[in-house]
Protein chains: 2
Amino acid sequence: MTTKTKPEAARLPLNTILNGDCIELMRSLPEASVDLIFADPPYNLQLRGDLHRPDNSKVDAVDDAWDQFGSFAAYDRFTRDWLAAARRILKPDGAIWVIGSYHNVFRLGAELQNQGFWILNDVVWRKSNPMPNFRGKRLTNAHETLIWASKGEGAKYTFNYEALKALNEGVQMRSDWVLPICTGHERLKNKDGDKAHPTQKPEALLHRVLVATTKPGDVVLDPFFGTGTTGAVAKMLGRDFIGIEREAAYREVAEARLAKVRKFDKSALEVTQSKRAEPRVPFGQLVERGMLRPGEMLVGPGGKAAKVRADGTLIADDIKGSIHQVGAALEGAPSCNGWTYWHYRRDGKNVPIDVLRQQIRAEMS
Amino acid sequence: MTTKTKPEAARLPLNTILNGDCIELMRSLPEASVDLIFADPPYNLQLRGDLHRPDNSKVDAVDDAWDQFGSFAAYDRFTRDWLAAARRILKPDGAIWVIGSYHNVFRLGAELQNQGFWILNDVVWRKSNPMPNFRGKRLTNAHETLIWASKGEGAKYTFNYEALKALNEGVQMRSDWVLPICTGHERLKNKDGDKAHPTQKPEALLHRVLVATTKPGDVVLDPFFGTGTTGAVAKMLGRDFIGIEREAAYREVAEARLAKVRKFDKSALEVTQSKRAEPRVPFGQLVERGMLRPGEMLVGPGGKAAKVRADGTLIADDIKGSIHQVGAALEGAPSCNGWTYWHYRRDGKNVPIDVLRQQIRAEMS
DNA sequence: ATATAGGCTGAATCCGTTG
DNA sequence: GCAACGGATTCAGCCTATA
């Protein structure tokens, strides 16, 4: 158990599995209190006891299409209710992931949009070892779809771009992820030796989701906890979790699983940071500190020149302004990173002024 | 023009491009008369401001009037109407394909289901060369989604299982297709040399769709014909097509294109052959898959050590980076193959991490 | 003629902080 | 809340120009 001092965290049942219906339980939690929701909702309409066709006297006589629509209406109500409950407890800068197959994911995605969630990406989990289509009547169903959404248009969200780029050998992570399905030792068994859960997700999938879109210490809620993959990976990665599961058999397996999980060592959880996280250094400091002198000339890559002024602005002909503004104006570009654009001369060589910024940053740390 | 003896075909405007609104025109066609519908409707992208690449060049956005809808409700009405019109003219044993991105595909899929279509597969077009995410704010949007549906539960449909298996080097075709986007000579230009259509689809994609789900002589209708990729591939493959397009500029380009197409052109087929290369395995996958734990130590041949982090980077003292970068830095070398340099300990022995990469490659093949 | 370098482009819901 | 502004951000493939 983690000790929390934040007020909202004090009211949250962190790192536990709640027993019951996820809609009711989410309604009982404080609003705007969790950072991320990961949801793997059921989609088999027949197995869900709480899904009923609407009480419509004409149903008996109608064709398959209407029957489907009736079932879909019930599924849509269920989706609307749990998503609304999830939305309430999500922080304004939080995010949600849902996963589904073609049976339900279109309804999930449409309802996400209807409720104002803002889709950031749809992600394809491409299974490296899917079950073949034995009858040869369709394509091998070799993927599932995840949807990642923020709370609304313009809302902030966490995305560890550099960490994911590192995970992908230095190139941007794409929206299609190749990962094997959950088999072997990772696949949990019950006492009879049968698989404990029909759709256990691989830890690798949750690892990528949580590394990508949460920070250490974030609260991750999973309303369809199952055997607790979300909780297990959250614990490993130093995130707090809240699980909701109404089937006792799944809760038992998940509890046993979670007890065995160990958190990774703290320094291993630090992840490659973006340059945006570095402290801001005003260009004027380089002048104040005497690294550059007022009157000194800077040159751009194309040979364009500008003069440093005492207040940390540049002047080139009649163009005055910041290093960025003058660079952009000279290039006719919408923007310009003055730190990499401008160079000063030392020992007959052109050195980017960014070197000086790095010196200052090194002193600061 | 093909001579048809079937009665319904006699009333169909085969191998022509109809000028006008697709909803009205589909309503004017005889019911239950076409075998396949391929539809690439507007995506309703909802782009806000301009987007520039890091080199300051401006991205040519899809800002055409035909992609603008006032609200999800307006888009849903449009979708409902054209899908209903399409459904009416589809034969009972016919099928429909739609393509979209996360902006619209969830609404498309949900409405297909609402109208009684029976989804057979969702298919992911994995782009081998997508446009990157220039600002590093999300995952690279590297795929689009197609939905393949029959007219209803239990309805018959055409699926050429063996042909697709042959296209896929003898193994079952999966639901994820790797194909490049439409560029180069295939990308049609207008008189000014600009692209004739902002979203032209590759012929290889239509080739696979038509080979998979139509027979020679089938009638294929495309209500959003654009520059006529569907018609061109249908003609090559000996299928009849009906195109509907309301923009005169697109119709003109499509007419010229179709006039040049000859039946049984194999060029599209060649494009579908994927290049066989040793798949690249990011080191991060070893961490995600639990083969190595964050916090675990790796050792180099000279005994130098580094710690694995959750994002697949290493840290040794204050040196952080990829397995290759950290290896090179510790050795003072310009480069280093981290796969052979680094070893992990198992059963008292040092094992090169390349062994783990080989395991993953074995799974993938 | 062949290799290399540089330029250009693609269905994109693409910034965050300070004043 | 809005405006100003600092400054961070790209991959694959094809085409053209140069060596």
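Below, chain A is the first sequence line, B the second, and so on; all start at residue 1.
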Review point. Closest to the A:Ser335 side chain: C:dA12, C:dT9, D:dA8?
Key: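 The answer is D:dA8, which lies nearest to the side chain.
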**Study point:** Given C:dA11, C:dA12, D:dG7, the nucleotide with the shortest approach to the side chain of A:Asn337
**Key:**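 From the listed options, D:dG7 comes nearest.
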Review point. Does B:Asp60 have any salt bridge (Lys or Arg N to Asp or Glu O under 4.0 Å) partners at least two apart in sequence or in another chain, and if so, which?
Key: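 Partners of B:Asp60 under the salt bridge (Lys or Arg N to Asp or Glu O under 4.0 Å) test: B:Lys195.
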Using the [atom1] atoms only, state how far [M] lies from [N], rounded to an integer number of Å.
N     : M      : atom1 : value
C:dA1 : D:dT18 : C1'   : 14 Å
C:dG7 : C:dA11 : C1'   : 23 Å
D:dG6 : C:dA12 : C1'   : 24 Å

Review point. Who passes ring pair (Phe, Tyr, Trp, His ring centres under 6.0 Å) against B:Trp125, sequence neighbours left out?
Key: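 Ring pair (Phe, Tyr, Trp, His ring centres under 6.0 Å) check on B:Trp125 returns nothing, list empty.
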Which ones in [range] lie close to DNA chain C, meaning a heavy atom under 4.0 Å from one of its atoms?
range                       : value
residues 305-316 of chain A : none
residues 128-139 of chain B : B:Asn129, B:Pro130, B:Met131, B:Pro132, B:Asn133, B:Phe134, B:Arg135, B:Lys137, B:Arg138
residues 160-175 of chain A : none
residues 112-124 of chain A : A:Trp118, A:Ile119

Point to revise | Closest-nucleotide 5' rank along DNA chain C - winner of B:Asp60 and B:His103 | key: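 Comparing both residues, the 5'-ward one is B:Asp60.
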Practice item. Could you say whether B:Gln200 or A:Arg276 is positioned toward the 5' end of DNA chain C, judged by the nucleotide with the nearest heavy atom to each? Key: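 This one resolves to B:Gln200.
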If we count only N and O atoms by modelled type, under 3.5 Å, do the side chains of [X] and [Y] hold a donor and an acceptor together?
X        : Y        : result
A:His324 : A:Ser322 : no
B:Arg138 : A:Ser175 : no
A:Trp97  : A:Thr213 : yes

Review point. B:His197 and B:Trp66: aromatic ring centres closer than 6.0 Å?
Key: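 Under 6.0 Å, so yes.
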Check your understanding: Which ranges of DNA chain D pair up as stems, where a stem means three or more consecutive Watson-Crick or G-U pairs with both distances under 3.5 Å?
Key ->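 Paired runs of 3+ in DNA chain D: C:2-10 with D:11-19, C:15-19 with D:2-6.
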**Study point:** Option from B:Ile96, B:Thr229, B:Asp222 for which side chain to side chain contact (heavy atoms under 4.5 Å, CB included) with B:Phe38 holds
**Key:**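 Between B:Phe38 and the candidates, side chain to side chain contact (heavy atoms under 4.5 Å, CB included) is satisfied uniquely by B:Asp222.
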Check your understanding: Between B:Arg107 and B:Tyr75, is NZ or CZ placed under 6.0 angstrom from the six-membered ring centre and within 45° of the ring axis?
Key ->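 B:Arg107 over B:Tyr75 ring: no.
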Quick check against the 3.5 Å criterion: does [X] have a side-chain atom that pairs as donor or acceptor with the backbone of [Y]?
X        : Y        : result
A:Asp35  : A:Gly94  : no
B:Asp40  : B:Phe224 : no
B:Glu111 : B:Gly109 : no
B:Lys201 : B:Thr199 : yes
B:Asp192 : B:Asp194 : no
A:Asp311 : A:Thr313 : yes
B:Asn104 : B:Leu108 : no

Round to the nearest Å and state the distance from [X] atom [atom1] to [N] atom [atom2].
X        : N      : atom1 : atom2 : value
B:Leu188 : C:dG10 : CG    : P     : 13 Å
A:Arg357 : D:dG7  : CZ    : C1'   : 8 Å
A:Lys275 : D:dT9  : NZ    : C1'   : 9 Å
B:Leu205 : C:dA11 : CG    : P     : 12 Å
A:Asp93  : C:dC15 : CG    : P     : 16 Å
B:Asp63  : C:dA11 : CG    : P     : 14 Å
B:Asp50  : C:dA12 : CG    : P     : 14 Å
A:Lys156 : C:dC14 : NZ    : P     : 17 Å

Review point. What pairs with B:Pro132 under side-chain contact (heavy atoms from CB on, under 4.5 Å), at least two apart in sequence or on another chain?
Key: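 Once residues adjacent in sequence are excluded, the partners of B:Pro132 under the side-chain contact (heavy atoms from CB on, under 4.5 Å) criterion are A:Gln172, B:Phe134.
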Check: protein-nucleotides 2-6 of chain D nitrogen or oxygen pairs below 3.5 Å:
from, atom 1, to, atom 2, distance (Å)
D:dG6, OP2, A:Ser322, OG, 2.6

Exercise for review: Assign the ring pair A:Trp148 / A:Phe159 to parallel, tilted or perpendicular, where the plane angle (0 to 90°) is split at 30° and 60°.
Suggested key: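 Taking A:Phe159 first and then A:Trp148, their aromatic rings sit tilted (interplane angle of 30° to 60°).
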Practice item. Please work out if B:Pro202 contacts a base, only the sugar-phosphate, or nothing of the nucleic acid, heavy-atom cut-off 4.0 Å. Key: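 The answer is nothing, as B:Pro202 stays clear of every strand by at least 4.0 Å.
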Check your understanding: Within the structure shown, what part of the strands sits under 4.0 Å from A:Asp354 by heavy-atom distance: base, sugar-phosphate, or nothing?
Key ->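 The answer is nothing, as A:Asp354 stays clear of every strand by at least 4.0 Å.
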Exercise for review: Using the test side chain to side chain donor-acceptor pair (under 3.5 Å), find all partners of B:Arg174 that sit at least two apart in sequence or belong to another chain.
Suggested key: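 By the side chain to side chain donor-acceptor pair (under 3.5 Å) rule, B:Arg174 matches B:Asp176.
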Practice item. Could you tell me which residues satisfy side chain to side chain donor-acceptor pair (under 3.5 Å) with A:Thr158, sequence neighbours excluded, listed by chain and number? Key: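 Once residues adjacent in sequence are excluded, the partners of A:Thr158 under the side chain to side chain donor-acceptor pair (under 3.5 Å) criterion are A:Lys215.
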Review point. So, is B:Arg187 near the phosphate of C:dC8, with a side-chain N or O under 4.0 Å from OP1 or OP2?
Key: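 False: B:Arg187 side-chain N/O out of range (4.0 Å or more) of C:dC8 OP1/OP2.
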Review point. Can you check whether A:Ser274 has a side-chain N or O nearer than 4.0 Å to OP1 or OP2 of D:dT9?
Key: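 Affirmative; the distance criterion is met.
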Dump the pairs, protein N or O against N or O of nucleotides 14-18 of chain D, anything under 3.5 Å, distances to one decimal.
from, atom 1, to, atom 2, distance (Å)
D:dC15, OP1, B:His185, ND1, 3.0

Practice item. Walk me through it: do B:Glu203 and B:Arg257 pass the test salt bridge (Lys or Arg N to Asp or Glu O under 4.0 Å)? Key: CA-CA 12 Å; B:Glu203 293 187 0; B:Arg257 171 189 198 173; 2.9 Å; yes
